[in-house]
Amino acid sequence: MRSDRVTKGVEKAPHRSLFKAMGYTDTELSRPLIGVVNAHNEIVPGHIHLDTIARAVKDGIRIAGGTPLEFPVIGVCDGIAMNHEGMKYSLASRELIADSIEIMARAHAFDALVLIPNCDKIVPGMLMAAARLDLPAIVISGGPMMAGLFKGERAALSDIFEGIGAVKAGKMTADDLTAMEAAICPGCGSCAGMFTANSMNCLAEVIGMALPGNGTVPAVAAARVRLAKEAGMQVMALLEKDIRPSAIMTAAAFRNGIAADMALGCSTNTVLHLPAMAAEAGFELPLDRFNEISAGVPQLCKLSPAGPNFMEDLDRAGGIPELLNRMLEAGLLEGGVPTVTGKTLAENVAGHRVTDDSVIRPVKDPHSRTGGLSILRGSLAPEGAVVKRGAVDPAMMVHRGPARVYNSEEEVCAALEAGRVRKGDVLVIRYEGPRGGPGMREMLTPTAVVAGLGLDKEVALITDGRFSGATRGASIGHVSPEAAAGGPIALVEEGDTISIDLPAGRLELLVEKDILEQRRREWQPQPPQVKKGYLERYSRLVTSASSGAVLKIPGDRNR
């Protein structure tokens with residue numbers, strides 16, 4: 001056991017004395033030491049209840065003969081951080097989370113880990129750490145929030161963001177918006193639609209690093225607490241059998257993850273996180289892989305904000321196991337991959353059947369014949385861009401319009417506030433990329449206001465930043481290279497024509513090459529947005545969104 005380094009032998013008497021100062025007994029120190037990585041805090045609704053999950057995990061570890069040792073990691077609430085400088089820190093927190101887990105696990109010689117995340121960057125950050133450390137590990141999330149109820153209609157967080165635009169358009173009263181505030185988020189859990197947090201918790205289950213149910217069992221359900229106990233017990237089985245993330249987080253598992261991503265219509269942020277996780281696991285996951293897999297995988301689910309269903313509906317219909325079983329029967333997945341249950345993916349889901357075809361559509365009757373995400377390329381995005389195609393209205397699948405250029409999220413929000421956006425416009429929001437932002441902010445506010453104004457079928461948004469998983473409409477993000485790196489998006493001028501063709505996977509700036517070359521010669525980089533602290537260091541080290549916005553490895557010129 002790795003923990004023998006801190007518990008066994010005469011020379012470790014000082015170490016044992018420090019454990020005993022905390023109340024640990026010789027019996028506890030004779031057992032495997034299991035790190036319980038708890039992202040609980042009192043600022044994130046998805047994390048407010050993780051102390052309950054952690055207690056259940058620790059109970060499970062003790063039942064199975066281990067000694068749990070809990071430690072915390074940070075977590076940013078993307079909703080609360082939205083539309084101000086706080087969002088610059090959200091994506092950047094992913095690397096800090098992975099690094100802090102590495103530090104704690106190595107410094108204290110843990111034998112195995114149970115990872116307790118729930119929201120956006122915390123899930124991939126923990127999985128990156130699991131791949132890097134390669135200790136026996138299992139993920140147990142806090143589970144999704146139930147949908148809210150407002151005026152007899154179910155709703156989620158994205159609806160109140162869109163309510164801002166509705167108030168501005170005179171379609172909703174300020175009093176109704178205030179009433180919605182108290183109804184839209186009824187309790188703990190990750191926000192109720194197929195936003196980034198729930199996307200990543202579902203994909204953790206698909207990849208095999210979490211038990212069946214991890215992605216969909218509601219946060220408030222007793223079944224979630226039971227699942228946490230089972231995760232605590234199961235990590236001891238992983239330790240006994242020496243099953244490590246390197247055996248689970250394989251290229252085949254990630255292909256399955258992308259396939260399920262497409263069938264579910266997940267957040268565009270998965271296109272950042274899956275490549276970053278793969279890099280920690282030791283292999284590359286190029287952007288084109290998403291389109292290759294999407295071409296052969298139909299979209300079977302449309303959850304909020306793309307459709308009327310919520311995570312509780314997906315759980316009621318059978319959850320991820322039923323979806324996977326349906327996909328396996330159609331030959332869309334590799335069923336022989338191992339998982340943290342000790343069984344293969346196919347063995348985990350055998351016998352499961354979908355109970356509601358309106359939530360998980362049959363493969364022969366999908367919402368669309370191709371997946372819910374698309375990678376776009378073209379003269380405006382030579383290295384790629386991403387769109388949640390499954391949430392785009394058919395009227396915007398092909399669009400051509402004049403560019404309205406903004407050098408920050410604040411600028412576009414001011415334009416929307418002043419009513420300066422017109423039907424047919426293509427809003428270009430730049431210098432919001434990983435380096436330029438810095439931190440690649442999510443921009444749910446402008447996309448939601450556009451939708452609330454009723455313009456989501458007539459106005460497109462394009463950015464080198466990100467759009468929230470709660471976004472719907474023709475919102476194209478991750479444009480690479482970013483403006484701060486001198487990508488073509490930095491050369492766009494007011495009134496330029498931009499062509500969007502989602503079926504063809506193209507994003508084009510329709511400006512003559514000689515004119516673009518002249519603009520390039522005249523272009524000057526913007527001064528750094530942040531000049532000290534963590535974000536300044538992050539901006540110097542972060543790579544392109546097309547490679548997952550991971551940090552540069554010293555001496556590796558390719559990253």
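Everything quoted here is computed from the prediction, not taken from an experiment.
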Fill in: Results of ring-ring contact (aromatic ring centres under 6.0 Å, His included) for Y431 - residues two or more places apart only
none
Worksheet entry | Value rounded to 0.5 Å, distance of CD1 in I140 from CE in M209 | 12.5 Å
Fill in: Ionic contact status for E508 with R377, cut-off 4.0 Å
no
Worksheet item: Do the side chain of N214 and the main chain of S141 share a donor and acceptor less than 3.5 angstrom apart?
Response: yes
Worksheet item: Should S267 and S199 be marked as a side chain to side chain donor-acceptor pair (under 3.5 Å) after you check the CA-CA gap, both sets of side-chain angles, and the distance that decides it?
Response: CA-CA 6 Å; S267 165; S199 295; 5.0 Å; no
Worksheet entry | Set of side-chain contact (heavy atoms from CB on, under 4.5 Å) partners for A155, sequence neighbours left out | D159, I184
Worksheet item: Could you give all pairs that pass the ring-ring contact (aromatic ring centres under 6.0 Å, His included) test and reach residues 259-284, with sequence neighbours left out?
Response: F254-F283
Practice prompt. Report the residues that fulfil side-chain contact (heavy atoms from CB on, under 4.5 Å) with C188, sequence neighbours left out, ordered by chain and then residue number.
Written response: I48, H49, A219, V220
Practice prompt. List in chain and number order the residues that pass side-chain contact (heavy atoms from CB on, under 4.5 Å) with P402, two or more places apart in sequence or in another chain; answer none if no residue qualifies.
Written response: D425
Worksheet entry | Partner residues of S93 under the side-chain contact (heavy atoms from CB on, under 4.5 Å) criterion, sequence neighbours left out | I74, V76, I97, K121
Practice prompt. Mind running side chain to side chain donor-acceptor pair (under 3.5 Å) on N201 and N118 for me, showing each step along the way?
Written response: CA-CA 7 Å; N201 284 323; N118 211 23; 3.3 Å; yes
Worksheet entry | R361 and H367 side chains, donor-acceptor separation under 3.5 Å | yes
Worksheet item: So, E432 versus N407: side-chain donor-acceptor pair below 3.5 Å or not?
Response: no
Fill in: Gap separating the CG atom of D313 from the SG atom of C301, nearest 0.5 angstrom
10.5 Å
Discussion item. Using modelled atom types and a 3.5 Å cut-off, is there a donor and acceptor pairing between side-chain atoms of T270 and backbone atoms of C266?
Written reply: no
